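Here's the structure we're looking at; comments come further down.
Nothing here was measured: the structure is a model prediction, and the numbers come from that model. Numbers restart at 1 for each chain; the letters A, B, ... are given by sequence-line order, proteins then strands.
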Protein chains: 2
Amino acid sequence: MKNQLRTLRQARGWTQQDLGTRLAVSRQAVIALESERHDPSLDLAYRIASLFGVPVEEIFENPHR
Amino acid sequence: MKNQLRTLRQARGWTQQDLGTRLAVSRQAVIALESERHDPSLDLAYRIASLFGVPVEEIFENPHR
DNA sequence: ACCGAATGTCAGGTCAACCTGACATTTCTC
DNA sequence: GAGAAATGTCAGGTTGACCTGACATTCGGT
């Protein structure tokens with residue numbers, strides 16, 4: 001699923017480890033999300049959206065319409 | 001995670017099987033979601049939101065912030 | 001009260017989304 | 001160019017979100 005995670009992280013000047021810590025996930029999980037090998041759980045998607053202060057749909061593109 | 005799935009389904013007059021078919025998931029998956037034993041994947045959450053025509057956050061309550 | 005439809009539950013399986021730890025490669029800074 | 005930091009990759013493990021199939025219970029219509 002296409003997403004804006006790397007863009008948002010870099011805009012904050014955070015490392016992948018920084019982001020992982022703030023989201024309470026591993027660095028490898030951040031890599032997998034940024035490289036679009038994993039979709040986040042809904043709960044993690046909500047944590048990400050809250051952290052960046054934008055709606056989930058602005059970070060993870062809804063592939064259904 | 002608290003959600004409005006049962007309310008929305010019943011408002012449409014659909015059975016759990018009807019909803020499962022429209023979402024391409026099993027009837028048992030619908031039961032698990034309605035009874036809040038499972039959170040949906042982000043992709044399924046998007047399918048649900050698109051089916052009912054409302055934002056994801058209106059169906060599944062964001063527990064963060 | 002009966003019957004069928006709807007709902008709920010249980011057992012057992014698969015797979016993707018997480019995890020840790022280790023190592024390789026790339027990029028930044030001096 | 002050397003060292004450190006950041007990024008990427010791999011192996012192997014756990015768990016929850018799905019699956020099917022079977023059976024039990026509850027509800028609605030006649």
Side-chain angles (χ1 to χ4, degrees):
Chain A
M1 189 182 295
K2 183 153 168 35
N3 74 68
Q4 298 296 119
L5 197 52
R6 175 162 295 162
T7 301
L8 287 164
R9 174 179 62 83
Q10 289 176 338
R12 301 301 197 282
W14 294 340
T15 67
Q16 293 174 335
Q17 178 64 69
D18 288 338
L19 179 56
T21 300
R22 288 170 200 267
L23 294 172
V25 299
S26 68
R27 187 174 62 88
Q28 288 86 342
V30 172
I31 292 171
L33 291 169
E34 284 190 353
S35 58
E36 295 170 9
R37 291 199 312 277
H38 284 182
D39 290 339
S41 67
L42 181 57
D43 189 74
L44 177 53
Y46 278 155
R47 300 207 301 278
I48 294 169
S50 295
L51 179 62
F52 289 110
V54 301
V56 172
E57 296 80 0
E58 272 183 37
I59 309 179
F60 297 94
E61 185 178 324
N62 184 342
H64 309 99
R65 106 189 191 16
Chain B
M1 189 182 294
K2 183 151 168 38
N3 73 68
Q4 297 298 118
L5 197 52
R6 174 162 294 161
T7 301
L8 287 165
R9 174 179 63 81
Q10 291 176 338
R12 301 302 197 280
W14 294 339
T15 68
Q16 294 174 335
Q17 178 63 69
D18 288 338
L19 178 56
T21 300
R22 288 172 201 267
L23 294 171
V25 300
S26 68
R27 186 174 63 88
Q28 288 86 341
V30 172
I31 292 172
L33 291 169
E34 285 190 352
S35 58
E36 294 168 11
R37 291 200 312 277
H38 283 184
D39 290 339
S41 66
L42 181 57
D43 189 74
L44 177 53
Y46 278 155
R47 299 207 302 278
I48 294 169
S50 295
L51 178 63
F52 289 110
V54 300
V56 171
E57 296 81 1
E58 273 183 37
I59 308 179
F60 298 94
E61 185 178 324
N62 183 343
H64 308 100
R65 96 171 196 33

Quick check for you: among D:dA6, C:dA6, C:dA17, whose closest atom lies nearest to any side-chain atom of A:Thr15?
D:dA6

Considering only C:dC18, C:dA22, D:dT20, which nucleotide approaches the side chain of A:Gln28 most closely?
C:dA22

Atom CG of B:Leu23 and atom C1' of D:dA17: how far apart are they, to the nearest Å?
14 Å

Rounding to an integer number of Å, can you tell me how far A:Leu5 CG sits from D:dT7 C1'?
15 Å

Quick one: pull up CD1 in A:Ile48 and CG in A:Leu19 and give me the separation to the nearest 0.5 Å.
7.0 Å

Taking A:Phe52's backbone N and O only, do any of them form a donor-acceptor pair with A:Arg12's side chain (distance below 3.5 Å, no angle check)?
yes

Quick check: does any side chain N or O of B:Arg9 sit under 3.5 Å from a backbone N or O of B:Trp14, one acting as donor and the other as acceptor?
yes

Side chain of B:His38 only, heavy atoms from C-beta on: which candidate in C:dA22, D:dC18, C:dC18 is closest?
D:dC18

Should B:Ser41 be listed as having a side-chain N or O under 4.0 Å from OP1 or OP2 of C:dA17?
no

Can you measure A:Arg27 atom CZ to C:dA22 atom P for me and round it to whole angstrom units?
13 Å

Counting heavy atoms from C-beta on, name the nucleotide in C:dG8, D:dC19, D:dT9 closest to the side chain of B:Gln16.
C:dG8

The side chain of B:Ala29 lies closest to which of these nucleotides: D:dC19, C:dC19, D:dT7?
D:dC19

Which listed nucleotide (C:dG8, C:dA17, D:dC19) is nearest to the side chain of B:Val25?
D:dC19

d(CD, A:Gln17; C1', D:dA5) in whole Å
12 Å

Could you check how far CE of A:Met1 sits from C1' of C:dA16, rounded to whole Å?
13 Å

Just by distance, do the side chain of B:Ser50 and the backbone of A:Arg65 share a donor-acceptor pair under 3.5 Å?
no

Do B:Arg37 side-chain and D:dG16 base share a donor-acceptor contact under 3.5 Å?
no

Salt-bridge present (B:Asp43, B:Arg47; N to O < 4.0 Å):
yes

Contacts of B:Asp18 and B:Ile31 projected onto DNA chain C by closest heavy atom; the upstream (5') one is B:Asp18

Interatomic distance where CZ belongs to A:Arg6 and C1' belongs to D:dA6 [whole Å]
12 Å

So if I take every side-chain heavy atom of A:Leu33 and compare against D:dC18, D:dT7, C:dC18, which nucleotide ends up nearest?
C:dC18

Which part of the nucleic acid does A:Ser26 contact within heavy-atom distance under 4.0 Å: base, sugar-phosphate only, or nothing?
base

Give one of base, sugar-phosphate or nothing for A:Ala24, where a contact means two heavy atoms less than 4.0 Å apart.
sugar-phosphate

Please determine whether residues B:Leu51 and B:Leu8 belong to a single hydrophobic cluster, defined as Ile, Leu, Val, Met, Phe, Trp and Tyr linked transitively by side-chain heavy-atom distances below 4.5 Å.
yes

When we call it a touch if two heavy atoms are under 4.0 Å apart, what does A:Arg9 touch: a base, just sugar-phosphate, or nothing?
sugar-phosphate

Length of the CG-C1' vector between B:Asp39 and D:dC18, whole Å:
13 Å

In whole angstroms, the gap separating P of C:dC19 from CG of A:Asp43 amounts to 12 Å

